[in-house]
Amino acid sequence: VQLQASGGGLVQAGGSLRLSCAASGRTVSRYSMGWFRQAPGKEREFVAAVSWSGITTFYADSVKGRFTISRDNAKNTVYLQMSTLKSEDTAVYYCAARDGSYYYLASSYDVWGQGTLVTVSS
């Protein structure tokens, strides 16, 4: 399976963006999916995850209440709706498909997209 992230761009603080992660080659409907981000000079960090059914979601404390992860298995796509963006949200955002046990660990994900850059200006 290949993952293609899109939707990044430049936005002012307080604004919104929606990222998309389209899967191809194989359905991801049975995979849990996640979003991670990596800011310049920092480690890649967990942002959000969603179960294969879309019913269960998890969020990093830093984005809880501002970001929403969802999925449309019919479209083989996962979304990350980001609102009330802050300058500290500036990063390259990656989507990934999880085969391992821990949703918050990057090592649990075995397929990664190429990343999409989100820049929040203050």
Side-chain angles (χ1 to χ4, degrees):
V1 60
Q2 293 81 43
L3 302 177
Q4 179 77 34
S6 62
L10 175 63
V11 62
Q12 288 189 330
S16 299
L17 277 177
R18 188 176 81 157
L19 306 183
S20 298
C21 175
S24 60
R26 189 155 51 108
T27 179
V28 292
S29 62
R30 289 295 179 178
Y31 281 88
S32 295
M33 300 291 293
W35 287 94
F36 286 73
R37 67 186 181 186
Q38 188 166 18
K42 294 189 177 181
E43 297 288 319
R44 190 170 298 191
E45 64 175 0
F46 168 74
V47 174
V50 61
S51 63
W52 69 268
S53 66
I55 293 175
T56 304
T57 56
F58 304 94
Y59 297 94
D61 287 343
S62 59
V63 306
K64 203 171 292 184
R66 300 188 297 121
F67 290 11
T68 302
I69 188 171
S70 61
R71 66 190 300 162
D72 185 337
N73 285 338
K75 295 183 178 179
N76 228 15
T77 301
V78 178
Y79 305 98
L80 185 68
Q81 177 67 47
M82 307 185 294
S83 303
T84 320
L85 283 161
K86 306 175 181 180
S87 57
E88 52 263 45
D89 294 319
T90 294
V92 177
Y93 283 72
Y94 299 89
C95 62
R98 180 164 63 91
D99 189 44
S101 301
Y102 302 100
Y103 65 87
Y104 53 89
L105 290 179
S107 58
S108 290
Y109 294 77
D110 61 343
V111 181
W112 291 82
Q114 88 290 357
T116 185
L117 176 62
V118 172
T119 304
V120 183
S121 63
S122 55

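Everything numeric here is computed off the predicted structure, so don't read it as measured data.
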Are any side-chain N or O atoms of D89 and backbone N or O atoms of A13, one a donor and one an acceptor, separated by less than 3.5 Å?
no
Within the side chain of R71, is there an N or O that forms a donor-acceptor pair under 3.5 Å with the backbone of T77?
no
Determine whether L19 and V47 fall in the same hydrophobic cluster, where Ile, Leu, Val, Met, Phe, Trp and Tyr are linked whenever their side-chain heavy atoms lie under 4.5 Å apart.
yes
Is there side-chain contact between C21 and Q4, with heavy atoms separated by less than 4.5 Å?
no
If you define the side chain from C-beta out and look only at heavy atoms, does anything of F67 sit under 4.5 Å from L80?
yes
Where do Y109 and A49 come nearest, in terms of heavy atoms and distance?
OH-CB, 3.7 Å
Backbone N/O of T56 and side chain of S51: donor-acceptor pair under 3.5 Å
yes
Linking I/L/V/M/F/W/Y whenever their side-chain heavy atoms sit closer than 4.5 Å, directly or via other members, would Y93 and W112 fall into one cluster?
no
If you compare all heavy atoms of A39 against all heavy atoms of A91, which two are closest, and at what distance to 0.1 Å?
N-CB, 3.8 Å
Close side-chain approach of W35 and F46, heavy atoms under 4.5 Å
no
Y79 vs R18 side-chain heavy atoms within contact, under 4.5 Å:
yes
Student check: side-chain heavy atoms of T27 and N73 closer than 4.5 Å
no
Check the pair V50, I55 against side-chain contact (heavy atoms from CB on, under 4.5 Å), reporting the backbone distance first and the verdict last.
CA-CA 7 Å; V50 61; I55 293 175; over 6 Å; no
Same cluster (ILVMFWY, side-chain, under 4.5 Å), Y31 and F36
no
When rounded to the nearest 0.5 Å, the distance separating CD of Q114 from OG of S6 is 8.0 Å
Is there a side-chain contact between T57 and T68 (heavy atoms, below 4.5 Å)?
no
Using modelled atom types and a 3.5 Å cut-off, is there a donor and acceptor pairing between side-chain atoms of T119 and backbone atoms of L10?
no
Rounded to the nearest 0.5 Å, how far apart are CG of N76 and OG of S24?
8.0 Å
Mind checking whether F58 and Y103 have parallel, tilted or perpendicular rings, split at 30° and 60°?
parallel
Which pair of heavy atoms, one from S108 and one from S101, lies closest together, and at what distance?
OG-N, 3.8 Å
Return yes if some donor-acceptor pair links the side-chain N/O of Y59 with the main-chain N/O of I69 below 3.5 Å, else return no.
yes
Hey, what do you get for CD (E88) to NZ (K42), rounding to the nearest 0.5 Å?
8.5 Å
Closest heavy-atom pair, A23 versus V1, reported as atoms and distance to 0.1 Å, is CB-CG2, 4.0 Å
Nearest heavy atoms of L85 and L17, plus distance in Å:
CD1-N, 3.9 Å
Would you say V28 and W52 are hydrophobically clustered, going by side-chain heavy atoms of ILVMFWY under 4.5 Å?
no
Heavy-atom side-chain contact between S70 and V78 under 4.5 Å
no
Heavy-atom nearest pair, R37 first then S62, reads NH2-OG, 3.5 Å
Where the side chain of T90 meets the backbone of V120, is there a donor-acceptor pair that is under 3.5 Å apart?
yes
Heavy-atom side-chain proximity of R26 to Q2 below 4.5 angstrom
no
At what distance, to the nearest 0.5 angstrom, does OG of S107 lie from CG of D99?
11.5 Å
Derivation of the side-chain contact (heavy atoms from CB on, under 4.5 Å) call for Q38 and Y94
CA-CA 8 Å; Q38 188 166 18; Y94 299 89; 4.2 Å; yes
